[in-house]
Amino acid sequence: MKEKVINRRKIRNDTKQLKYLYGYVFNRQRHDERLRRGGEQKSVVILSHNPYSSVFRPLLQIMGPLYFDIGKKALEHIAAYVSMWPAPVPGKHMELPIGNALLKVSLPPAHSLSFEIGMFEESASAMAPFLPNNQSIPQGLFHDSDIFGTFRSILLQLWLLWELLLIGEPILIIGPTPPQCCEAVASLVSLVAPLPCSIDFRPYFTIHDPDFKHLNSLREGDTFPPMILGVTNLFFLKALRNIPHIVSVGSPALNSNQVPFASRSAGRIHGRPEGFGLQQLSLKKFSPSSLLSAVKLRRDGPLCLMTEHKEAVWSTYVATTKPDTSILNRLIDAGMLPRVEESMSVVNNEILRRHFLELTTNFLAPFGPYFRATTPSEGSLPFIDPPPLPPFDADEFLANLSARGVGKFLSKRMKSNWLDLYKRFLNGPNFMPWFQRRLTVAEQEQHRLWRQARMKADIKLLISKMPELEIVDYFNAIERHLHGEIQMEKLGRAAVDFTETCQKLKKDLQAVFNVLPKDMQQLLLMNPERAALLQLSSEPTKLPGRPSLQIGVVSSTSSR
């Protein structure tokens, strides 16, 4: 039996900061009556701080069989190839050679990665609340997870689960096998892209986890921390009785050779080969027999899983978002043919992922004005500090949103109490990390735009009609920007055009200096650091109505 599982485990480093390791597992079980337990189980495990499932899953498909065929030499051989791979580029397609094979992978974007992983350059558009132009580029973590195959029997509940993820509610995912519960957790995390999932998620949680003791000690009435836990042990139904939302997925009869966390469906439902339409879903959900079954399932609660595994969702939360019937009608059911089913799952996953990407993007759209970077208007002064981005006030935001409405896209898909969903989102654990990070990117974008404007500015034209006091202020502003560039270079964070920018700022500084009164020049040059910046004197600057001056560095002992 071969299973590939992704798991995430909390660790602590020397700085006591919270970090995670992601585990990718290729497992083999072999029956052998000669052994004490009638067989053996071995696993090949990749541990990484990076949630690059699109890289490590196919890598394990090569590495696992090779290891069991030829042993440790296979790992050494593959490690040699991996060591020659280029540095990862988030949000890009990459081709990674492994022997005669070539892994063509797409990495998740920088905004979906934790700051703990490392700082990557993030563009303003990457996190902006509008749909990306290139849909082939992943917009979040685990974009290769099988949403359709995992939740195929409970597709109508996806919109409820999307809301629970959005507002950061704790969810317990129960699956018959580790691959199935891991796939479900990964699929849920991917459902809210491009919003990063800031709550703790564990694709495969066991009683041996160090956090189990704390979670098990929560008493009735205690608030369960925002987490997504994937489990296979039904003991958690009693141990974690405070968790408010429980989802059961997968099938115990699933072929053990099914590859989880891929495009292959994790369960099958008999249906028409030509489609998986709403009519079939509706009949199944609303016929008298199925209605009675649903009532009985809700009445019995999740503890009914102790006697028989069923795919269902137990939650008292009432969703604001209505299931999109047009999306459900577009899904295709391929019946029982595995190869056809796999390709159809790919199509269905694209339909679902595109829809929820659009849904999340439209939900975040009202926050767009708070991230709108400004550019200097033509003829303005780009050397002054740019205006701050609009301050955010939750009450003011909700009042304005209530007055203008949520927009056509969401108004058709949400109930009249949609404002309550925004209130829950603002108070949930996902909002502030996303907002602060998005704000930082917007500020960086504004800094880039104003820096670009300074490079194009004609300093002589700008100061030609300025009074003397404003010219002095301008001199100080240019000097401050020049020091800022130099400081960034010392920190190892200089821009690509650092040299060109510094040369431009020095010329501008000299041009402003040359039109200042001579006594003011002498006063400025008393600062040795400033004098060093002005050592490269430019050509004389001649402005209308002002004398032409050229001055270099003057020491304090020079005669006047």
Side-chain angles (χ1 to χ4, degrees), residues 6 8 13 17-22 24 48-57 82 85-96 103-145 165-166 186 189-201 353-354 356-358 360-361 363-365 367-368 370-373 389 429-449 451-452 488 491-497:
I6 176 176
R8 184 170 95 149
N13 62 4
Q17 293 178 339
L18 187 65
K19 287 186 177 290
Y20 293 93
L21 276 177
Y22 295 83
Y24 306 84
S48 174
H49 289 292
N50 302 310
Y52 295 159
S53 59
S54 62
V55 176
F56 296 123
R57 274 196 316 107
V82 173
W85 285 356
V89 182
K92 300 293 184 182
H93 297 300
M94 300 188 72
E95 295 185 349
L96 308 173
L103 302 183
K104 296 183 178 182
V105 302
S106 298
L107 298 185
H111 70 258
S112 66
L113 302 175
S114 169
F115 279 118
E116 299 167 351
I117 293 176
M119 292 300 295
F120 297 103
E121 183 178 353
E122 299 178 25
S123 65
S125 60
M127 298 170 68
F130 50 78
L131 284 173
N133 294 325
N134 190 348
Q135 292 298 310
S136 65
I137 299 296
Q139 297 302 312
L141 296 182
F142 313 130
H143 57 279
D144 52 345
S145 60
L165 261 292
L166 195 71
V189 170
S190 73
L191 209 60
V192 294
L195 178 72
C197 183
S198 297
I199 67 175
D200 186 7
F201 61 89
R353 205 175 299 284
R354 167 76 185 191
F356 283 101
L357 174 65
E358 193 172 6
T360 307
T361 301
F363 181 82
L364 299 176
F367 297 97
Y370 296 97
F371 312 131
R372 196 165 291 153
L389 296 176
N430 283 324
F431 169 68
M432 192 52 68
W434 169 77
F435 187 88
Q436 291 290 353
R437 189 163 181 173
R438 184 65 189 84
L439 193 64
T440 300
V441 173
E443 290 172 343
Q444 292 172 349
E445 174 67 7
Q446 182 162 272
H447 171 76
R448 186 190 67 80
L449 292 172
R451 184 175 181 271
Q452 192 177 61
M488 293 296 287
L491 295 174
R493 295 161 58 186
V496 177
D497 59 348

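Nothing here was measured: the structure is a model prediction, and the numbers come from that model.
Side chains of C197 and L141 form no contact here, defined as non-hydrogen atoms less than 4.5 Å apart. Residues R448 and R451 form no side-chain contact, since every pair of their non-hydrogen atoms from C-beta on lies 4.5 Å or further apart. Considering only heavy atoms from C-beta on, L165 stays 4.5 Å or farther from L191 through its side chain.
Aromatic ring pairs are classed by plane angle as parallel below 30°, tilted from 30° to 60° and perpendicular above 60°; the pair F367 and F435 is perpendicular. By the 30° and 60° cut-offs, the orientation of the rings of F201 relative to F142 is perpendicular.
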For this session: Decide yes or no on side chain to side chain contact (heavy atoms under 4.5 Å, CB included) for Q446 and L389, but give the supporting numbers first.
Result: CA-CA 9 Å; Q446 182 162 272; L389 296 176; 3.8 Å; yes

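For R372, there are no side-chain hydrogen bond (donor to acceptor under 3.5 Å, both in side chains) partners, not counting sequence neighbours.
Panel note: side chain R438, backbone G368; no donor-acceptor pair is recorded below 3.5 Å. When atom types are taken as modelled, the side chain of S54 and the backbone of S106 share a donor-acceptor pair closer than 3.5 angstrom.
Minimum interatomic distance between P51 and P108 (heavy atoms only, all atoms of both residues): O-CG, 4.3 Å.
Under the side-chain contact (heavy atoms from CB on, under 4.5 Å) rule, R57 has a single partner from L103, D144, V105, which is D144.
The six-membered or imidazole ring of F371 lies near that of W434, with a centre-to-centre distance under 6.0 Å.
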